[in-house]
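Note: hydrogens, waters and symmetry copies are ignored here, and every other heavy atom, side chains too, is used. Numbering of residues begins at 1 and proceeds along the displayed sequence.
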Amino acid sequence: MDVDLCVIESNFAMPWIWAYTWPIKGFLCQISEQNVRGWLSVVMKHLSHGDLTRVVVILWAIWHARRKAIHESNFQSPLSTHCFINRYVSELEMSLPPVKEKSKNQTVMPKWIPPPSGLAKVNIVDAALSKNRSIAACAAVARSKTGEFLGASVVVMDGIMNAEVSEALACGEGMALARDIVLRRFRLASNCQMVIRNIHGNGMGQYGQIVCEIKRRANDFSKVEYVHEGRR
């Protein structure tokens with residue numbers, strides 16, 4: 001079956017109807033494939049979903065108008081064919097589910113970052129303060145290099161009113177967790193850059209005793225790395 005003779009070069013395929021396909025008209029006319037399936041295969045391969053839908057509806061409308069004229073002597077005007085194409089494509093577009101836009105305030109789940117080879121990892125998940133009471137809670141999670149869960153620890157502390165102090169205590173809890181599950185080499189990661197900086201430094205500060213205790217506990221392990229990781 002010759003696609004050009006049946007539809008594309010049909011007298012019913014008025015130039016201004018094909019103009020509905022705007023720039024792709026030139027592409028369609030340049031396809032040399034004469035077999036119907038081959039022609040459609042080329043079209044489907046190179047056109048976007050929206051353009052392909054328009055082409056299929058136009059071909060269908062032209063074929064329908066041609067059959068009406070041949071078998072029923074019912075000659076439809078190009079205008080009615082053109083209006084049908086417009087209306088049908090619009091209804092198809094309206095029937096599609098709306099695309100949900102990502103909210104700018106949409107919560108992004110934190111991404112776990114694997115440690116270097118040969119090390120496990122202890123993440124200080126969070127350290128939070130109570131709004132109405134002097135209570136802080138912190139949590140730590142340990143995973144292997146491949147992300148396998150090794151253990152977790154949560155502790156609630158009274159008399160804590162400073163967020164940075166609670167983060168330092170959370171790092172200490174991470175060290176205790178590593179000892180409890182018998183880790184020898186691990187990386188401890190916190191999202192509090194100041195605490196990690198103080199652990200690497202020599203200053204005491206308002207939670208210097210906590211930092212000293214963390215450094216002392218490091219002697220119980222073969223290797224401990226302290227790194228800052230922002231929330232991702």
Side-chain angles (χ1 to χ4, degrees), residues 48-50 96-232:
S48 66
H49 181 270
L96 295 175
V99 179
K100 295 183 179 180
E101 295 183 359
K102 292 185 178 180
S103 173
K104 294 182 179 180
N105 298 324
Q106 185 176 1
T107 302
V108 178
M109 296 299 293
K111 181 179 178 181
W112 184 77
I113 304 173
S117 179
L119 298 180
K121 187 176 183 182
V122 177
N123 278 92
I124 305 306
V125 179
D126 207 355
L129 297 176
S130 171
K131 291 183 178 180
N132 303 320
R133 301 170 58 188
S134 300
I135 296 178
C138 59
V141 176
R143 295 183 183 274
S144 67
K145 171 69 170 64
T146 59
E148 179 185 0
F149 176 79
L150 300 177
S153 175
V154 179
V155 63
V156 178
M157 300 162 286
D158 291 322
I160 307 298
M161 301 181 64
N162 183 283
E164 197 169 315
V165 172
S166 66
E167 291 284 353
L169 289 169
C171 289
E173 183 61 23
M175 299 290 288
L177 171 63
R179 182 189 58 197
D180 292 342
I181 60 177
V182 198
L183 292 181
R184 301 304 302 164
R185 300 166 57 87
F186 67 95
R187 167 176 284 189
L188 186 139
S190 170
N191 65 349
C192 184
Q193 187 173 15
M194 187 59 68
V195 170
I196 297 299
R197 184 179 300 171
N198 286 331
I199 293 176
H200 284 296
N202 298 319
M204 293 295 289
Q206 58 180 331
Y207 49 87
Q209 294 301 324
I210 302 173
V211 172
C212 288
E213 178 64 17
I214 292 173
K215 292 180 178 180
R216 186 191 65 78
R217 290 183 180 180
N219 296 325
D220 298 334
F221 307 98
S222 299
K223 182 176 182 179
V224 182
E225 293 183 355
Y226 308 100
V227 297
H228 166 255
E229 288 181 359
R231 297 187 183 278
R232 302 191 179 192

- Task: Please lay out, stage by stage, how N198 and E164 fare under the test side-chain contact (heavy atoms from CB on, under 4.5 Å).
- Result: CA-CA 11 Å; N198 286 331; E164 197 169 315; 4.0 Å; yes

- What is the minimum heavy-atom distance between L183 and A142, and which atoms define it? CD1-CB, 4.5 Å

- Message: So N191 and E167, do their side chains get closer than 4.5 Å, heavy atoms only?
- Response: yes

- Establish, from distance only, whether the side-chain atoms of Y207 and N162 form a donor-acceptor pair under 3.5 Å. no

- Message: Quick one, D220 with M175, criterion side-chain contact (heavy atoms from CB on, under 4.5 Å). Give me CA distance, side-chain angles, the key distance, then yes/no.
- Response: CA-CA 10 Å; D220 298 334; M175 299 290 288; over 6 Å; no

- Query: Which atoms form the tightest heavy-atom contact between I210 and A168, and what is the distance?
  - Reply: CG2-O, 3.7 Å

- Query: What closest approach, in Å, do I199 and K215 show between heavy atoms, and which atom pair accounts for it?
  - Reply: O-CE, 2.7 Å

- Compare all side-chain heavy atoms of E229 with those of N123 and state whether any distance is below 4.5 angstrom. yes

- Over all atoms of both residues, closest heavy-atom pair of A170 and C138: CB-CB, 3.4 Å

- Task: Identify the heavy atoms of A120 and L150 that sit nearest to each other, and give their distance.
- Result: CB-CD1, 4.2 Å

- Task: Please name the pair of heavy atoms, one in S190 and one in I196, separated by the smallest distance, quoted to 0.1 Å.
- Result: CB-CD1, 3.9 Å

- Query: Is V224 close to R217 at the side-chain level, that is, under 4.5 Å between some pair of heavy atoms?
  - Reply: no

- Task: Compare all side-chain heavy atoms of E225 with those of P116 and state whether any distance is below 4.5 angstrom.
- Result: yes

- Task: For R143, enumerate each residue passing the salt bridge (Lys or Arg N to Asp or Glu O under 4.0 Å) test, keeping only those at least two apart in sequence or located in another chain.
- Result: none

- Query: Does any non-hydrogen side-chain atom of S153 lie less than 4.5 Å from one of D180?
  - Reply: no

- Message: Quick check against the 3.5 Å criterion: does K121 have a side-chain atom that pairs as donor or acceptor with the backbone of I113?
- Response: yes

- Interatomic spacing from OG in S166 to CD1 in I124 - rounded to 0.5 Å: 11.0 Å

- Distance-only, no hydrogens or angles: does the K145 side chain make a donor-acceptor pair with backbone N or O of P114 under 3.5 Å? no

